[in-house]
Amino acid sequence: MSSSRLSRSIIPTLFLLLLCTTAPASAAETIRLNGTGCGVALMKPLIAAFQKKHKDITFEVQKSLGSAAALKAIAKGALDIAVPGRPLKPHEAIPDLTWFEYGRTPYAVVTHPGRKLDDITTEQLAAIYVGTRAKWPNGDFIRVVLRPQDDIDTTMLRSLSPEMDRAVTAAHARPDMLMGVTDQETFDHLKKTDGTISFAPLSMALSEPGAVNVARLNGVAPTLANVASGKYPYTKKILVVTRKESSPGVKAFVQFLNSKTARAMVTKHGLLLTRGK
């Protein structure tokens with residue numbers, strides 16, 4: 001065989017080998033995701049399930065930024081997916097973004113695991129926040145974990161009753177109170193600090209079974225069945241926000257969120273799905 005014919009036969013083969021070698025690298029992708037603590041906790045098992053069939057896609061999920069910071073980050077291009085725990089405000093709803101409500105998780109009265117509180121009334125909870133009911137039955141002091149004044153969790157807590165609204169205002173004026181700026185910080189206080197109590201998303205408690213104690217409120221358990229029936233109206237919305245010009249990996253993950261597998265998983269982790277209804 002002449003050298004020219006040999007070259008013509010080898011070059012196509014080398015070209016195919018080059019394509020096979022470089023294709024996986026070009027398909028690899030890293031998706032940056034963050035948001036409210038309960039949203040991030042909810043996404044972690046979904047990410048693990050998604051990656052079983054998309055091994056070329058990795059995720060970068062740092063410590064929870066909270067809703068507002070995550071929305072700022074995705075607007076600036078620093079995130080690919082934001083998972084806020086509230087609807088977007090007018091200034092956050094920029095044309096470059098698209099979003100949908102994925103579902104709702106119940107708020108619950110949550111305590112340190114060492115405090116086996118089964119049930120509490122709104123009146124009793126208000127007395128704890130004001131400070132007139134300052135001790136547990138064994139005499140230990142109750143430690144309230146507050147959320148920031150302008151946080152959606154604080155707004156929902158105030159909505160329990162006019163008495164609870166006044167109690168939250170009084171609690172924020174008390175010195176030396178614990179503060180959970182994000183869902184994760186609140187959850188960490190409840191896990192680690194004896195005597196604590198707060199009003200927190202159920203999905204955080206279900207992310208680590210047994211880590212905290214969940215109580216009924218006015219005799220009603222914060223379950224998805226009770227939310228669906230209207231018996232328990234206190235819920236936190238979980239949204240999924242992406243850029244309109246999303247990558248193939250982001251589009252695939254968003255599509256996966258509506259799959260049968262994902263829907264079963266999020267229900268188990270405390271989210272009542274609202275997308276598609």
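Asn218 and Thr122 are linked by a side-chain donor-acceptor pair at a separation below 3.5 angstrom, with hydrogens and angles left out of the test. Residues Thr111 and Asn213 bring a donor and an acceptor atom of their side chains to less than 3.5 Å of each other. A donor-acceptor pair shorter than 3.5 Å can be found between the side chains of Thr36 and Lys236. Thr58 and Thr30 share a side-chain donor-acceptor pair at under 3.5 Å. Side-chain atoms of Thr186 and Asp183 include no donor-acceptor pair closer than 3.5 Å. In this model, a donor atom of one side chain and an acceptor atom of the other lie less than 3.5 Å apart for Arg115 and Asn138.
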List the steps, then state whether side chain to side chain contact (heavy atoms under 4.5 Å, CB included) holds for Gln184 with Met204.
-> CA-CA 8 Å; Gln184 188 62 58; Met204 289 300 299; 3.6 Å; yes

CA sep, side-chain torsions, deciding dist, call: Thr182, Glu185, side chain to side chain contact (heavy atoms under 4.5 Å, CB included) = CA-CA 5 Å; Thr182 65; Glu185 286 186 11; 3.5 Å; yes

Evaluate the criterion salt bridge (Lys or Arg N to Asp or Glu O under 4.0 Å) for residue pair Asp96 and Arg243; output intermediate values, then yes/no.
-> CA-CA 6 Å; Asp96 291 341; Arg243 301 188 69 83; 3.5 Å; yes

Can Thr154 and Leu157 be said to form a side chain to side chain contact (heavy atoms under 4.5 Å, CB included), step by step?
-> CA-CA 5 Å; Thr154 301; Leu157 181 59; 5.6 Å; no

Please test Thr235 against Leu272 for side chain to side chain contact (heavy atoms under 4.5 Å, CB included), starting from the C-alpha separation and ending with a verdict.
-> CA-CA 9 Å; Thr235 61; Leu272 181 67; over 6 Å; no

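Formation of a donor-acceptor pair under 3.5 Å by the Asp153 side chain with backbone atoms of Arg147 is not found in this model. Checking side-chain atoms of Arg174 against main-chain N and O of Tyr129 turns up a donor-acceptor pair under 3.5 Å. Using modelled atom types, no side-chain atom of Thr193 and backbone atom of Leu190 make a donor-acceptor pair closer than 3.5 Å. Checking side-chain atoms of Ser67 against main-chain N and O of Gly85 turns up a donor-acceptor pair under 3.5 Å. Judged by distance alone, the side chain of Lys244 and the main-chain N or O of Pro95 form a donor-acceptor pair under 3.5 Å. Between the Tyr107 side chain and the Pro222 main chain, no donor and acceptor come within less than 3.5 Å of each other.
Ile47 and Leu206 end up in different hydrophobic clusters when Ile, Leu, Val, Met, Phe, Trp and Tyr side chains are linked at under 4.5 Å. When the side chains of ILVMFWY residues are joined at heavy-atom separations under 4.5 Å, either directly or via intervening members, Ile81 and Met43 end up in a single hydrophobic cluster. Clustering ILVMFWY residues whenever any of their side-chain heavy atoms sit less than 4.5 angstrom apart, transitively, puts Val61 in a cluster other than the one holding Phe187. Taking hydrophobic clusters as Ile, Leu, Val, Met, Phe, Trp and Tyr residues chained together by side-chain heavy-atom distances below 4.5 Å, Val40 shares a cluster with Met265. If you chain together hydrophobic residues whose side chains sit under 4.5 Å apart, Leu257 and Val83 fall into the same group.
Rounded to the nearest 0.5 angstrom, Gln124 CD and Ile128 CD1 are separated by 7.5 Å. Annotation: the span from Met179 atom CE to Met177 atom CE amounts to 8.5 Å, rounded to 0.5 Å. Put simply, OG on Ser246 and CD1 on Ile31 are 9.0 Å apart, with the number rounded to the nearest 0.5 Å. Separation of atoms OG1 (Thr223) and CZ (Arg216) is listed at 11.5 Å; rounding is to 0.5 Å. If you take CD on Glu60 and CG on Leu79, they are separated by 8.5 Å, rounding to the nearest 0.5 Å. Note: His269 NE2 to Leu271 CG = 11.0 Å, rounded to the nearest 0.5 Å.
Between Tyr102 and Val266 the shortest side-chain heavy-atom distance falls below 4.5 Å. Here the side chains of Leu178 and Leu146 are not in contact, with every heavy-atom distance at 4.5 Å or above. Put simply, the side chain of Lys191 reaches to within 4.5 Å of the side chain of Glu208, judged on heavy atoms. The shortest side-chain heavy-atom distance between Tyr234 and Leu217 falls under the 4.5 Å cut-off. Taking 4.5 Å as the limit, some side-chain heavy atom of Arg86 sits within range of a side-chain heavy atom of Glu92. Pro106 has its side chain within reach of Leu224: a pair of non-hydrogen atoms, C-beta onward, lies under 4.5 Å apart. Looking only at side-chain heavy atoms (C-beta outward), Phe199 and Val110 stay at 4.5 Å or farther from each other. When side chains are defined from C-beta on, Gln62 counts as touching Asn34, because their heavy atoms get closer than 4.5 Å.
Checked options Val144, Val130, Leu160; the residue passing with Leu125 is Leu160 (criterion: side chain to side chain contact (heavy atoms under 4.5 Å, CB included)).
In plain terms, the two heavy atoms of Ala82 and Leu71 that are nearest each other are CB-CD2, 4.4 Å. Shown here for Ala205 and Val214, the closest heavy-atom pair between the two residues is CB-CG2, 3.8 Å. Minimum heavy-atom separation, Ile238 to Cys38: CD1-SG, 3.5 Å. Closest non-hydrogen pair, Ser198 versus Val145, comes out as OG-O, 2.8 Å. Between His112 and Lys192 the shortest heavy-atom distance is CD2-C, 4.2 Å. When all heavy atoms are compared, the tightest approach of Thr105 to Pro201 is CG2-CB, 3.9 Å.
Atom CD of Gln149 has more than 12 neighbouring heavy atoms from other residues, nucleotides or ligands inside a 6.0 Å radius. No more than 12 heavy atoms of other residues, nucleotides or ligands shown are found within 6.0 angstrom of NZ on Lys53. Within 6.0 Å of NZ on Lys72 lie no more than 12 heavy atoms contributed by other residues, nucleotides or ligands. Summarising the local packing, CZ of Arg143 is surrounded by 12 or fewer heavy atoms from other residues, nucleotides or ligands at distances under 6.0 Å.
For Phe253 and Phe59, the ring centers are positioned less than 6.0 Å apart.
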